[in-house]
Amino acid sequence: MLESYVTPILMSYVNRYIKNLKPSDLQLSLWGGDVVLSKLELKLDVLEQELKLPFTFLSGHIHELRIHVPWTKLGSEPVVITINTMECILKLKDGIQDDHESCGSNSTNRSSTENAKSSVKPRRIHQAAPTDPDLPPGYVQSLIRRVVNNVNIVINNLILKYVEDDIVLSVNITSAECYTVGELWDRAFMDISATDLVLRKVINFSDCTVCLDKRNASGKIEFYQDPLLYKCSFRTRLHFTYDNLNSKMPSIIKIHTLVESLKLSITDQQLPMFIRIMQLGIALYYGEIGSFKDGEIEDPICHSKDMLGNIAGAEDEARIDMQYAAQYKGQDSYLQQVDEQPQGWVSWAWSFVPAIVSYDDSEEDYLGSDSASTMHQQKAQTLKDPIVSVGFYCTKATVTFKITEMQAESSYYSPQKVKSKEVLCWEQEGTTIEALMMGEPFFDCQIGFVGCRAMCLKAIMGVKDFEENMSRSESEACFFICGDNLSAKGLTYLTNSLFDYRSPENNGTRADFILDEAHHKETYTEIAGMQRFGAFYMDYLYTVENTSGKGSANQQDLSSGKNEDLGTVQEKSTKSLVIGPLDFRLNSSAVHRILKMIVCAFEHEYEPYSRLKPEIKDENAVVLKPEEVTSLEEYIPTRHTSVTLLKCTCTIFMAEFNLLDRLLPVILGEKNSSSFMNISNFQSLRPLPSIQILVDKINLEHSVPMYAEQLVHVVSSLTQPSDNLLHYCYVHCYLKIFGCQAGLTSLDCSGSYCLSVPIIPSFSTALYGKLLKLPTCWTKRSHIVTTEGIFELPNLTIQATRAQTLLLQAIYQSWSHIGNVSSLTVNEGLMNEVFQTIGVKSKNPLPTLEGSIQNLELKYCSTSLVKCASGTMGSIKICAKAPGDNGREKLVPLLQGPSDTKDLHGTKWLNESRKPESLLAPDFIAFTIQVPQYMNYCHNSVFNFWSSLYLLDINTLSNE
């Protein structure tokens, strides 16, 4: 009988998570084909143990559970499991006691779980004893696989709530359905075969609503905010590829989700709570949840197990002991840590995906002796990490920021209502978030979007600058534009996804994945990323390589590696971010809305999830042997980040209104007692002068040691550490700016800009800085540099006429003078003098003041005893350009150096351009300043201060 094989499997799943079920009643109902269970309570402890999340279930129940088993058509129709109204309430675990207990008793829990399984299996075997001789074991195994692979799960009205402090986050999904599909992603009854080792599934989510509200001290919500997300529908495609029919775990897993339209809404009261939720996610990822109290000692093995989990490919603090522990903590502790790692909460989320298409380990008890032996033989083989590809794609996303106002009803006893007003909108098109992982050795995450823009809406702080009756154009409301339009770019953001008809999976072929670091960097370059997206592209790559010639390191290599082979395991982490052509327009409307959001974020501050640990020098640090130091110098893992901005335009307009006195004090932490200013008579100023800054390219590089704390403690304990080891004890930062220029322009009534008037011609500059990690570990070494910075400027020229200077002063005063400046008008004659008509050449060019410097280099460094600053300037020149005879400009030098003044008495000297004779010519000025650090001694509280100017060399100074 098929019932004797299938029924125990279904019963085991239901009985695992639901309380107080009678197996006899459930078995009889299943044999009838339909089961209806009402008012079910979930086993919360089982959920917490299996999920291993840092959350506690406060409640969990199911209103109705229906199971339909088509016994007569079990091989052609799916088993349907329907859940009507499922609600769960979670909260963050209090402290870390639960985490310590779960971590400290992992072996106990594991053994108890195994004992429980062993105690349950004989009972299940006894239930499955009456076998049918007409049903061979191979047929039973194939049938059960078909049944499990085609189970349909339907959840109607799923409610999840998370509570923390005064935050109530609720997720309500009207309907969610998971079912098996065919090659064209249509509903079908499918199974893997020898010719097609692929299984496809679809999960449809209908009407997803996310609410974020604030509760009072009694736990009640007084005012309900607008939903963060309202009735959003999306679909997920799952694609599983197996190596053979007997494979229980897929070798390739692809899970991709597509959202056509995503509309988020955040009010000023929700913004602090939303930031808190984001901080929670970051703290969970980096394992900062459950910081240790004073006096408690952190168990590194426990920390790497339960706090972070075995995140596939993420170079987090869980791997602090991966390399260094083997070098200066001992091989035994390292092997113990690797071998005893259970699944963390992220690993569980990953491993849950194969569970959708496979059955539990205990199912082999029902398959007969032959099939069970086959499964045991398969388990005896070395398990290979599957390739997992997770993707999220959104065609168009909109985020709206709203300001709430309290409104009372006409009746005195009527409750107050909250009214929201839209003030800011962010639109984004063609969003892609993709993650590719293969166990520990490889993890890659790519994020990009095609285009985005930000717009001002309605009024802000009483200023009705974009109300409907203002009749202002959309181009005026838009203050940030980046990237291309989705209609012009196409569907490149869906490339190689399960929603791309050109992808290998949708054409019956097996996809190839790049899992090699060198090949990955050659393929996914910044140029390729910008060609696919256009606005923003980020590539985060983490790899663990084995340089001993065995290829990429895997879990087996890490756990069974020899002591001499551990030095060959190299971790690498690189992040590359590219931002495409962008136009940022800083006008009064945009600045006040951005600052208003910052003020709203500061209105309610929550306690941090973890506090920085005090930097304490470990007096019992282990001193490395010379061979261990040599091994350490061969490779030190670092995190490298690169940020590149291409073709940036920033326009700073004259302020049309200025209410910064109400915003800046809050941001700076000061109390603001000024009364509210209601400015309703807003008038746009046209033409509107502005400063326009153009930059061809900005590159920022940042590198930091991956395990800074352990590295610094070891290197600081060495008698004479090498320069290479000291180099990796610093945080390094490089900033390079290419092709930066600035000029004056104006915006007319039609929304177009006039031709820019140059003020600062194109120049380039560079800045380098480094900061010592854990400076308290180096207190006994006064010569170690704690901070160092270098600034280089090859050349810089500034030129302006009197009219241009006055206009620059007017723009500055519009922002520095507080109050309504909408009535401020710029003299028309001044505007005409600055912005001359295109094509009309002035008969009398205006005098121009020009200043330039060359080869400027500034240096700064500090140690525990002294601060030092030095610098050099190659040359300086300040001159006036005046109209001369025959239309030629006449140069009148005011300040110039260095210069040869032997012919100063002649008039020819004033009219000639003088340059240094060679690059070896002396600098115009060089200086060095040293200032001691303030030292506080126990026997003397008086500070000693001295300063000296070592060198001030001015070769020649000519002033006229």
Side-chain angles (χ1 to χ4, degrees), residues 9 13 78 141-153 178-183 185 188-203 235-257 310-313 343 346-364 367 371 374-392 434-444 496-500 503-515 552 554-556:
I9 298 177
Y13 278 104
Q141 180 181 359
S142 175
L143 179 61
I144 291 179
R145 186 182 65 237
R146 287 174 60 89
V147 170
V148 175
N149 288 345
N150 289 274
V151 170
N152 285 10
I153 301 176
C178 176
Y179 53 89
T180 306
V181 296
E183 295 182 358
W185 301 99
F189 193 91
M190 303 295 295
D191 194 13
I192 60 174
S193 61
T195 57
D196 188 15
L197 298 172
V198 173
L199 184 66
R200 303 173 180 86
K201 284 183 175 290
V202 167
I203 305 177
R235 61 184 185 274
T236 300
R237 291 181 176 179
L238 299 90
H239 189 280
F240 307 97
T241 304
Y242 296 84
D243 289 333
N244 52 66
L245 289 176
N246 295 325
S247 298
K248 184 178 180 182
M249 176 75 69
S251 59
I252 301 177
I253 304 170
K254 294 189 82 171
I255 307 172
H256 292 173
T257 300
N310 210 1
I311 302 178
Q343 285 186 332
V346 177
S347 297
W348 169 86
W350 178 20
S351 63
F352 177 74
V353 176
I356 298 178
V357 296
S358 61
Y359 38 86
D360 190 70
D361 295 341
S362 59
E363 293 172 11
E364 56 191 56
L367 302 180
S371 58
T374 304
M375 298 297 294
H376 285 298
Q377 292 176 1
Q378 180 182 350
K379 283 187 175 183
Q381 302 175 357
T382 302
L383 294 178
K384 183 180 179 181
D385 291 320
I387 299 174
V388 179
S389 172
V390 181
F392 174 82
E434 295 177 334
L436 178 65
M437 63 192 79
M438 189 186 69
E440 295 288 338
F442 186 89
F443 177 84
D444 177 66
N496 289 332
S497 70
L498 296 179
F499 299 95
D500 182 14
S503 66
E505 292 82 3
N506 291 331
N507 290 275
T509 59
R510 187 161 180 160
D512 294 329
F513 298 93
I514 300 176
L515 302 175
S552 299
N554 51 36
Q555 293 176 354
Q556 287 76 18

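The analysis underlying the following values was restricted to heavy atoms, covering all of them including side chains, and did not include hydrogens, waters or symmetry mates.
Within the 4.5 Å cutoff, the side chain of Lys201 has no heavy atoms near those of the Tyr179 side chain. Using a 4.5 Å cut-off on side-chain heavy atoms (C-beta onward), Ile203 and Arg235 make no contact. A 4.5 Å side-chain heavy-atom check between Pro386 and Thr241 finds every atom pair outside the cut-off. The side-chain heavy atoms of Val202 and Trp185, taken from C-beta on, include a pair separated by under 4.5 Å. Between Leu197 and Asp243, the closest side-chain pair of non-hydrogen atoms is not below 4.5 Å. Here the side chains of Glu183 and Arg200 are in contact, with some heavy-atom distance below 4.5 Å. Within the 4.5 Å cutoff, side-chain heavy atoms of Leu436 are placed close to those of Phe442. Side-chain contact between Ile387 and Ile253 is absent, with no heavy-atom pair separated by less than 4.5 Å.
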Can you list the steps and then say if Lys254 with Asp500 is a salt bridge (Lys or Arg N to Asp or Glu O under 4.0 Å)? CA-CA 13 Å; Lys254 294 189 82 171; Asp500 182 14; over 6 Å; no
Check against side chain to side chain contact (heavy atoms under 4.5 Å, CB included), Ile252 and Phe513: CA-CA 10 Å; Ile252 301 177; Phe513 298 93; 3.7 Å; yes
Apply side-chain hydrogen bond (donor to acceptor under 3.5 Å, both in side chains) to the pair Arg510 and Ser251, showing each step before the final yes or no. CA-CA 11 Å; Arg510 187 161 180 160; Ser251 59; 3.0 Å; yes
Criterion side chain to side chain contact (heavy atoms under 4.5 Å, CB included) on Phe443 and Met438, from CA distance to verdict: CA-CA 7 Å; Phe443 177 84; Met438 189 186 69; over 6 Å; no
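Scanning all heavy atoms of the two residues, the minimum distance from Arg146 to Phe189 falls at NH2-CE2, 3.1 Å. When all heavy atoms of Val181 and Met190 are compared, the closest pair comes out as O-CG, 3.4 Å.
In this structure, Asp444 CG and Glu434 CD are separated by 9.0 Å, a value rounded to the nearest 0.5 Å. If you take CG on Leu199 and CG on Asn149, they are separated by 5.0 Å, rounding to the nearest 0.5 Å. Atom CD1 of Ile192 is separated from atom OG of Ser142 by 9.0 Å, given to the nearest 0.5 angstrom. One distance of note links CG of Asn150 with OG1 of Thr180; it measures 4.0 Å at 0.5 Å rounding. Here Thr236 contributes atom OG1 and Phe392 contributes atom CZ; the two are 9.0 Å apart, rounded to the nearest 0.5 Å. Remark: Leu245 CG to Gln141 CD distance equals 9.5 Å, nearest 0.5 Å.
The side chain to side chain donor-acceptor pair (under 3.5 Å) search around Thr509 returns none, not counting sequence neighbours.
By the 6.0 Å contact criterion, CG on Asn507 is enclosed, its count of non-hydrogen atoms from other residues, nucleotides or ligands being greater than 12.
Not one N or O on the side chain of His256 forms a donor-acceptor pair closer than 3.5 Å with the backbone of Ser497. Checking side-chain atoms of Ser247 against main-chain N and O of Pro250 turns up no donor-acceptor pair under 3.5 Å.
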